[in-house]
Amino acid sequence: MIKSDSKPRQVVRPVITRLLMPYILLFGLYVQFHGDFGPGGGFQAGVIFASGIILYALTFGVARARSLLPPDSLQPLAALGVLLYGAVGVASLFMDGHFLNYSVLSSDPVQGQHLGILLIELGVGITVTAVMVLVFFAFFGRDEEGEV
Amino acid sequence: MIETLIDIVLLTFLAVTAIVIVRIRSLFAVIMLAGIYSLASAGLFVVLDAVDVAFTEAVVGAGISTVLLLGTLALTGEQRKTTSRHGPLIPLAVVTLTGAVLVWGTWDMPLFGDPGAPAHQHVAPRYIQDSPNEVGVPNMVTSVLASYRGFDTLGEVTVIFTAGVGVLALLGFRRRKPRHPEREKP
C-alpha cells in the first residue's frame, strides 16, 4: 500500500516531503517551546511533530520510519512524558508546595512557574508524539509484518 | 463583515460536506470528506481566534485520523454495507426532533462573546487579573492549562497514554524474535 520505493515514477511526493519535513519538525519545536508566548503547547507540538514523522513514513515506507524511531524506544518515551509530568508534581510536593504548584521550584516564584510549565509541556509533547507515532505504526506496521 | 462572510462560507461547506458524507457509499470518499470537514472546522476555529485548537483540529482531524482511517480501510472493506430495516422516515423524525431540542436549548445560552456570560464571571477574572504576576507567561491560555489547571492536563496526558496502551494491546506489535526464521529476507 505504501511502497513508493518500488515505483520509479513517483517523484513529486518524495521531493515535497524532503522539502517540508524539516519545516514541519521545526514548527513542532517552535510550537512546543514558544507555547508560553504564542498559541500552542505540548499537545499541539506533539501532534505536529508526529504528523511530520507520519508524512515521512507514508512517503518512504513504514519500515524506514520504524528504523528511524523504533517502537521499542517509543514505548518507554510514551511513559517517560507522563512520568516527567508527575515527577514535576512530586518535586513541588517535596519542596513544601502543593502537588503541581510550580512556584516553589525556584527561589523566584515566577521563575519556578516558567520552569514547571516548560517541563510539563515537554512531558506532554514527548508522550503525545510517542503515542501518535506508535498508534500509526500499530495500524500500518501490520501489512509489512508479513514481509519483514 | 468579512468575518461573517467567512463564517457563512465555512459553515455552508461544513453542511454540504456532512450531507455528502451521509449520502455517499464509497468509504474512501467518506474518509476524504471527513478530512475536508475537519479542515473547514479548523478554519472556523481560526476565525474564532482559537488558533491552538485549530492546530489540533487540522493536524489530528484532517491529518492523522484521516491516515489512520485509511489504514483501517486497507484492513477492512471499501464499501458501506446498509443494513437498515426501516424506511427513512423514523430516522428523519428522530434527527429533526433532536435538532429542534438542541436549537431550543441554545436559546437559554448567552450570546457569543457576551461579557456577562457565566463562563466569564466565575474564575476567569481572577486568572486574567493575577496570572501576569503569579505565572508571568504572556500566553494566558498556557498559564491556565499548564499551571492553574495542571491537574486536568496531567489527567489528559494520562488519557492519551492509556489510549496508546489500549491500541497497542489490541493491535500491538509482535515480539522481535521472528516466529518463522526461514521467512526472513536474504
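The sequence lines fix the lettering, A, B, ..., with proteins before strands; numbering per chain opens at 1.
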task = Treat each ILVMFWY residue as a node, draw an edge where side-chain heavy atoms are under 4.5 Å apart, and state whether A:Phe60 and A:Leu25 are in one component.
result = yes
task = Under 4.5 Å, counting heavy-atom pairs only, tell me which of B:Asn133, B:Thr158, B:Val167, B:Val165 racks up the most with chain A.
result = B:Val167
Top of B:Ala163, B:Ser147, B:Ala50 for chain A proximity - count of heavy-atom pairs under 4.5 angstrom = B:Ser147
ask   = Measuring heavy-atom distances to chain A, does B:Val59 have an atom under 4.5 Å in its side chain, in its backbone, in both, or in neither?
value = side chain
inquiry  = Out of B:Val51, B:Val53, B:Thr56, return the one with the most heavy atom pairs under 4.5 angstrom to chain A.
reply    = B:Thr56
ask   = What residue, out of A:Ala79, A:Gly123, A:Gly86, has the most heavy-atom pairs lying under 4.5 Å from chain B?
value = A:Ala79
note = Honestly, the part of A:Phe27 sitting under 4.5 Å from a heavy atom of chain B is side chain
ask   = So which of B:Asn139, B:Leu145, B:Asp52, B:Val157 has the biggest tally of heavy-atom pairs under 4.5 Å with chain A?
value = B:Asn139
message = Using 30° and 60° as the class boundaries, would you call the ring planes of A:Tyr30 and A:His34 parallel, tilted or perpendicular?
response = parallel
query = Of all of A:Val31, A:Val124, A:Asn101, A:Val135, which one pairs up most often with chain B through heavy atoms under 4.5 Å apart?
reply = A:Val135
query = With only heavy atoms counted, which part of A:Phe37 is less than 4.5 Å from chain B, the side chain, the backbone, both or neither?
reply = both
ask   = Is the number of heavy atoms from other residues, nucleotides or ligands within 6.0 Å of CZ (B:Phe13) greater than 12?
value = no
message = Pair A:Leu105, A:Val88 - check side-chain contact (heavy atoms from CB on, under 4.5 Å), show working.
response = CA-CA 9 Å; A:Leu105 291 176; A:Val88 173; 4.0 Å; yes
key: Between B:Val141, B:Thr153, B:Val60, the one whose heavy-atom pairs under 4.5 Å with chain A are most numerous   = B:Thr153
Flag if over 12 foreign heavy atoms under 6.0 Å of CZ, B:Phe28 = no
key: Ion pair check, B:Glu134 and B:Arg126, cut-off under 4.0 Å   = yes
note = Result for side chain to side chain contact (heavy atoms under 4.5 Å, CB included) between B:Phe161 and one of A:Thr127, A:Leu83, A:Val128 points to A:Thr127
request  = Name the member of A:Gly35, A:Gly81, A:Gly41, A:Gly112 that forms the most heavy-atom pairs with chain B at distances under 4.5 Å.
outcome  = A:Gly35
query = Among A:Ile54, A:Ile48, A:Val110, which has the most heavy-atom pairs under 4.5 Å with chain B?
reply = A:Val110
query = Applying the side chain to side chain contact (heavy atoms under 4.5 Å, CB included) test to B:Asp7, which of B:Leu44, B:Thr12, B:Ile2 qualifies?
reply = B:Leu44
request  = Please report the shortest heavy-atom distance between A:Ala50 and B:Ile64, naming the atom on each side.
outcome  = CB-CD1, 4.4 Å
request  = Let me know if B:Phe151 has heavy atoms under 4.5 Å from chain A in its side chain, its backbone, both or neither.
outcome  = both
